[in-house]
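Structure, as structure tokens:
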Amino acid sequence: MSQEFLGRTVALRKPFARGGGERLAMNVGAFVCSCGGSCELDLEGVREGVRDVEVVASSRLLCQDGLDAVGALVDEYDLDQLVVTAADEGCKRRVRALAEEKGLHPEATAFVDHRERTDWVHSPAEATDKTARLINATTAGLQEEASSRYVSQTAGDRVAVVGDAETAAALADTADVTLVADGREFAGVSGLEDVDLERGRVVGVGGEFGAFTLTLEAHVTEDCISCMECVEQGPDGAVTARPVDIAPDAPGGEWLDCCPTDAIDTDGVRRELEVDQVVYPGASKATRGGRIGFYTGPVDAGTIASVEHHLGGVEKPKFLDLDMDVCAAGESSQEGCTACTDACPHDAVDRPAVDEVEFDEVACMNCGACTSSCPTGAVQLREPSNRRIAREVEALLDAEESGSGWLFDRGQQGIETPVVAFVCSEHAADALREYGRQSAVGDELSYAPVLPVRVNCTDTVGEAHVMHALAAGADGVAVVGCGSSCLHSGPDPKAALVERLNRATTDLGLGERVTFLAPEAGEPHEFVEELDTFVDDLEATSVPPGEHESTGVVRDEKPNPEYNNHDWALESVRAVLDHVAPERDVIRGLENFGRMEVSEACNLTPTCSTLCPTDAIRRTDDGNLQFDHEDCVNCGLCEEGCPETAITMHDGLDLTLLPENRDGERWSTVYEGEMLECVRCGKPFTSQGSANKVMEDVGHLVDGIAPDSDHSIFEYCAECRATLMFEQGGQ
């Protein structure tokens, strides 16, 4: 078969992070296919819309007859990264094989779904536009790819299986298995020769991978010799024979005196069983996605394989970057921000003390709940990082070609209403692919051409991500999750976020522009209707697309990592403010910004300024308390620690307190106090309120301590007070 193969070169080289962490010059080739004509893409249109690559080429059947031409272009342009439109796994394998044959890096192929989630569910013009944008976003994201790092934890081979004899037997050849009866009868069950059988019902499971503790309650003690007397004499169904145990609700009677070793205890006895992993099919899930080494729900071959894989320990990718120096969790036994511990659905974040936070990186399931809620950047996802997400969003929304090429503009045939969709990479992504397949076989399913950004879970998405997309020119933002199939936080984890952010966008003068959607694989029409209604109701934003490139910082001198949620959100709001007329001075709904209110009870004690993790509070020499709204992350530590309970914090971004609206001044006075000056040296050393408080509390204890002085010792600074006491003979 003859094959038309067209190409266009755009020379642009950028640094690229490989898996080992080294920085390489990345020569990218983009390749577009119409899948043998089953896609109605305008191949030339896609090519003209792709940028920031060495070469872009298209083919009618790229993964077969076009492969030789791809190989030739790899050699000609010295390509080390391929971005290919391919949806079928067989096509992807052939492209990967070519890359391997050419000696490219194992991660040198990236794929764009131009079919199931693009051409098959959108008009040809929309699909052409979207495909070009997706290639650009993929290329931009690759520039920010994190280097590979791993975390590990050792463990033994002790496995507790609760109430499931078949699973216990299946694991017995590879693990040290204890079958916890949990009130069940296993008399006559075969295959348990190599399994330890433990009596008792599970009343609690604690600990973590490698160190789980099961608390068991039984009504027969370890003195039992399995003589079967209680089994024979006890009421039917009240006593099990293997292992011997008595039901908690067993009726009383003389039969309870039958035991020759007095092993029956009707009050119940508890003991603890320590294991490395737990298989507990009947447990109520404390978390939807579970914890590593703790398996709930139905057991299948995958469960068995996972248990066996983790015997001896685990090595897994490092999901988090931690910078605990900027954590706002607390200080000096005062609790501050609790965002990460409140958000984590997997028990991977703990507070060993009231003012500390500890992350179990082995237990982390990479959902991003802690990272999207942390305001300071103390914890961030490594992949995709906030920086990578930002670059992909900006590339998707930048519809202007930087060169001689062409791409659809608003109002023409392409995507008229650009909506960024943060799509969960688990069940939500699978559901959207299934919609495309249904459309291809005759269902004629179509929906608005949203611009997808892959996230690990909708938990990854926070207020900073949404505000950035709007600052980059999106008409709207859809958070697309897994609904009832969510493995982490439940069917609608972002309802509160959507409500808050629609309040914020309304206050900014943009109107409501955020929604949460949950596509179900077998029920596309509800999703399609909700999405199309959302997109149809959106008016064109006043924020132009393609102009904003984020830095993720507010000021270079701040110690917080770039793209922390507070600074990134503030930077985005400022970009939006260049193009809108806010309806309010205080933008509600933004939780990472706090406004301080101080009552007359304030004595200017230094507690609040000492505790503040972002140095957003200070006391001046003339007795004023000042507040930096730009830096406050609303952790609440100052309010919690104030000894006079004089501080109240409120959510929301107050535009009038930002330095650009105050002639560059960051600090605002929230309380005007009076400083007490030392009567000897004249130095201000404490507030008048604090001095009065101390004199009131302990003044009577030091009466007459300096009888020759004309002033109270409380009117001297610490240095002069010591001198005075020396002069007075140490009285």
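Numbering of residues begins at 1 and proceeds along the displayed sequence.
- For Lys102 and Asp75, the salt-bridge test passes: some basic side-chain N is under 4.0 Å from an acidic carboxylate O.
- Using a cutoff of 4.0 Å between basic side-chain nitrogens and carboxylate oxygens, Glu89 and Lys92 are scored as salt-bridged.
- No donor-acceptor contact under 3.5 angstrom links the side chains of Arg60 and Ser34, judged on distance only.
- Checked by atom type, the side-chain pair Asn366/Asn456 shows a donor-acceptor distance below 3.5 Å.
- Ionic pairing of Arg96 and Glu100 is not present here: no N-O contact between side-chain nitrogen and carboxylate oxygen is shorter than 4.0 angstrom.
- A donor atom on one side chain and an acceptor atom on the other are not found under 3.5 Å apart for Glu562 and Thr551.
- Between the side chains of Ser385 and Tyr563, not a single donor N or O lies within less than 3.5 Å of an accepting N or O.
- When only modelled atom types and interatomic distance are considered, His468 and Glu394 share a side-chain donor-acceptor pair under 3.5 Å.
- In summary, the aromatic rings of Phe209 and Phe294 are positioned with their centroids too far apart to meet the 6.0 Å limit.
- A donor-acceptor pair shorter than 3.5 Å can be found between the side chains of Asn386 and His465.
- Side-chain N/O atoms of Glu571 and Ser550 include no donor and acceptor closer than 3.5 Å.
- The distance from atom OG of Ser439 to atom NE2 of His122, rounded to the nearest 0.5 Å, is 10.0 Å.
- No hydrogens or angles considered: a donor-acceptor pair under 3.5 Å links the side chains of Glu126 and Ser123.
- When only modelled atom types and interatomic distance are considered, Asp300 and Thr303 share a side-chain donor-acceptor pair under 3.5 Å.
- For the pair Arg291 and Glu208, the salt-bridge criterion is not met [side-chain N within less than 4.0 Å of a carboxylate O].
- Tyr447 and Glu529 form no side-chain donor-acceptor contact under 3.5 Å, judged by distance and modelled atom types alone.
- Remark: Arg51 engages Asp398 in a salt bridge, criterion side-chain N to carboxylate O under 4.0 Å.
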